[in-house]
Number of protein chains: 2
Amino acid sequence: MPRAGLSPAAVVDAALTIVDEQGPEALTLSAVATRTGVATPSLYKHVRNLEELRTLIARRVMEEMTELVGAAVMGRSGPDAVTALMRVWRRYAVDHPARYAAMPPAPLQHPALEESGRRLMEVVLAVLRGCGLEGEAVLHSARCLRAAVHGFAALEVAGGFGLPEDLDTTYRLMEQTIIDGLLPAN
Amino acid sequence: MPRAGLSPAAVVDAALTIVDEQGPEALTLSAVATRTGVATPSLYKHVRNLEELRTLIARRVMEEMTELVGAAVMGRSGPDAVTALMRVWRRYAVDHPARYAAMPPAPLQHPALEESGRRLMEVVLAVLRGCGLEGEAVLHSARCLRAAVHGFAALEVAGGFGLPEDLDTTYRLMEQTIIDGLLPAN
DNA sequence: GCTGAAAAGCTAAAGTGTTTAGCCTACGAG
DNA sequence: CTCGTAGGCTAAACACTTTAGCTTTTCAGC
């Protein structure tokens, strides 16, 4: 019997497809095995266990996010950059709800995710520094920005905004609120 | 052998204890059975399945939350009430991190949670109306408030704010930002 | 007090998923 | 060509959920 030609990356690809199509609860090694055409235990040659697979997924997602956010703020600065960041963040969540849900809330605490977490954070901090913030203020503002954006995205993706009123309107209000409240008057 | 004297409520109590002590992943019917001194299948006399147990937990948590928030804003109005609401929300999350994580993000979509969800929402809306907001603005503001507060609480509880800078300071900044951005000038 | 039905417990067992152990073989480096 | 290794496999243990069906407590009504 010929080999399946797997690799850790291929396993993560298959896992991401499953997550995208059927949500995070559907991610089982069994399902990944079926999709990759292999017996479940074979996956252990590429991934330590389910836990590690989840970590690898989380890393992928954070890298995608950093890529996207980085591109979106490129060439912009000040409130304009903040708006771009907020929009692309929400966009990623809406476009890939299950992946967004796989974003680890505390990457810095996790050895295998610290680096990608720090890279993403660095983009956010850079944007805020570009708005004239300095010292501790940068960090406090970044936390607020992250809380607001993540809170909105997480709730939207979970279907938490049940009522029919337009969500884009709500988000614009939040953009404005964040910009007015966190950035030094300009 | 004497009966254990269980009831749906007693099962939920035991489940909440487990969640509080060992986190949401530790919630298994097996664990609940051990704690209540009963065989696992016996629990099915009181609860339809694990899914329903989670729903019952969610309802309890939302009721606790409504109780707390309601008490906190009682007798206050305007920005003062908003601040009180935000503080008590975060406080609940910090005091009961695992329970907070069990709060359903979309209660209104769930028949068994819709009512308690609506009650909690109503408190928030009332506070905002008391600030002079009207019509659609109330809802958009409520969404922003919820996103910010939930985002902060969820991240804090998950250990997502890794750096040492003071979190209370950050939260005060967010309180001010929300109040300034969402409430009509006063 | 008795009795009988409902409620609340039990054991047994099936199904699904993770994980470990140990074997077998395809395949590429030399 | 060969041979070591990596990548696959089967078997099996363990944990958890859930269903089925049996037993026994309890208590309402006589």
Side-chain angles (χ1 to χ4, degrees), chain A residues 1-61 98-99 101-102 104 110-113, chain B residues 1-61 98-99 101-102 104 110-113:
Chain A
M1 49 195 65
R3 295 201 178 174
L6 285 187
S7 67
V11 173
V12 173
D13 287 342
L16 275 171
T17 307
I18 291 170
V19 168
D20 281 339
E21 290 175 356
Q22 311 172 52
E25 340 71 43
L27 179 65
T28 69
L29 287 176
S30 194
V32 175
T34 300
R35 173 167 285 272
T36 52
V38 117
T40 309
S42 305
L43 295 174
Y44 287 79
K45 297 286 178 177
H46 305 283
V47 163
R48 185 164 31 230
N49 52 28
L50 180 57
E51 181 60 23
E52 191 193 57
L53 178 54
R54 293 212 183 93
T55 301
L56 293 175
I57 287 181
R59 188 154 71 200
R60 271 280 189 89
V61 170
R99 285 188 196 208
H110 194 309
L113 297 175
Chain B
M1 52 196 65
R3 293 202 178 171
L6 285 186
S7 67
V11 173
V12 174
D13 287 342
L16 274 172
T17 308
I18 292 171
V19 168
D20 281 340
E21 290 175 355
Q22 310 171 50
E25 340 71 41
L27 178 65
T28 68
L29 288 176
S30 193
V32 174
T34 301
R35 173 167 284 273
T36 53
V38 117
T40 309
S42 306
L43 296 174
Y44 287 80
K45 297 286 179 179
H46 305 284
V47 161
R48 186 163 31 230
N49 52 28
L50 181 57
E51 182 60 22
E52 192 192 56
L53 178 55
R54 293 212 182 94
T55 301
L56 293 175
I57 288 180
R59 188 153 71 199
R60 272 281 189 89
V61 170
R99 284 186 196 208
H110 194 310
L113 298 175

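We use all heavy atoms of the structure for the numbers below, so side chains are in, but hydrogens, waters and symmetry mates are not. Convention: sequence-line order gives letters A, B, ...; per-chain numbering from 1.
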A.B. asks: Check the distance between C:dT18's C1' and A:Arg54's CZ and give it to me in whole angstrom.
C.D. replies: 11 Å
A.B. asks: Do A:Leu53 and A:Leu27 come close enough that some side-chain heavy atom pair is under 4.5 Å?
C.D. replies: yes
A.B. asks: Figure out the CG/P separation between B:Leu43 and C:dT11, and round it to whole Å.
C.D. replies: 13 Å
A.B. asks: Ignoring the backbone of B:Ala39, work out which of D:dA11, C:dC10, D:dT18 is nearest its side chain.
C.D. replies: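 So the side chain of B:Ala39 is nearest to C:dC10.
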A.B. asks: Using a heavy-atom cut-off of 4.0 Å across all strands, would you classify A:Ser42 as base, sugar-phosphate, or nothing?
C.D. replies: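 Since a base atom lies under 4.0 Å of A:Ser42, the category is base.
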A.B. asks: Looking only at heavy atoms, which two atoms of B:Pro24 and B:Ala98 are closest? And how far apart?
C.D. replies: CD-CB, 4.2 Å
A.B. asks: How many Å lie between CD on A:Glu25 and P on C:dG17, as a whole number?
C.D. replies: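 My rounded result for the distance is 13 Å.
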A.B. asks: Give the rounded distance in Å between these two atoms: CD of A:Glu51 and P of C:dG17.
C.D. replies: 18 Å
A.B. asks: Nearest to the side chain of A:Ser30, heavy atoms from C-beta on, is which of C:dT18, C:dA21, C:dG9?
C.D. replies: C:dT18
A.B. asks: Can you confirm whether A:Leu43 sits close enough to A:Leu6 that some side-chain heavy atom of one is under 4.5 Å from a side-chain heavy atom of the other?
C.D. replies: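 Yes; the side chains approach each other to less than 4.5 Å.
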A.B. asks: Starting from C1' on D:dC16, measure out to CG on B:Leu53 and report it in whole angstrom.
C.D. replies: 14 Å
A.B. asks: Under a 4.5 Å cut-off applied to non-hydrogen side-chain atoms, are B:Arg99 and B:Ile57 in contact?
C.D. replies: no
A.B. asks: Among the candidates D:dG8, C:dT18, D:dT17, find the nucleotide nearest to the side-chain atoms of A:Leu6.
C.D. replies: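 The listed nucleotide nearest to A:Leu6's side chain is D:dG8.
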A.B. asks: Taking only the side-chain heavy atoms of A:His46 (C-beta and beyond), determine which of D:dA11, D:dT17, D:dG7 contains the nearest atom.
C.D. replies: D:dG7
A.B. asks: Taking the side chain of B:Leu50 as its heavy atoms from C-beta onward, which of D:dT18, D:dC16, C:dT18 lies nearest to it?
C.D. replies: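 Ranking D:dT18, D:dC16, C:dT18 by closest atom to the B:Leu50 side chain puts D:dT18 first.
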A.B. asks: Both B:Arg48 and B:Lys45 contact DNA chain D. Which one's nearest nucleotide lies toward the 5' end?
C.D. replies: B:Arg48
A.B. asks: Could you tell me how far apart A:Asn49 (CG) and C:dA21 (P) are, to the nearest whole angstrom?
C.D. replies: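 Distance, rounded to whole Å: 14 Å.
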A.B. asks: Locate the shortest heavy-atom distance separating A:Thr17 from A:Arg35; write the atom from each residue and the value.
C.D. replies: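 Nearest heavy atoms, A:Thr17 then A:Arg35: CG2-NH1, 3.5 Å.
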A.B. asks: If I take atom CG in residue B:Leu29 and atom C1' in nucleotide C:dG17, what distance separates them, rounded to the nearest angstrom?
C.D. replies: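 In whole Å, C:dG17 C1' lies 16 Å from B:Leu29 CG.
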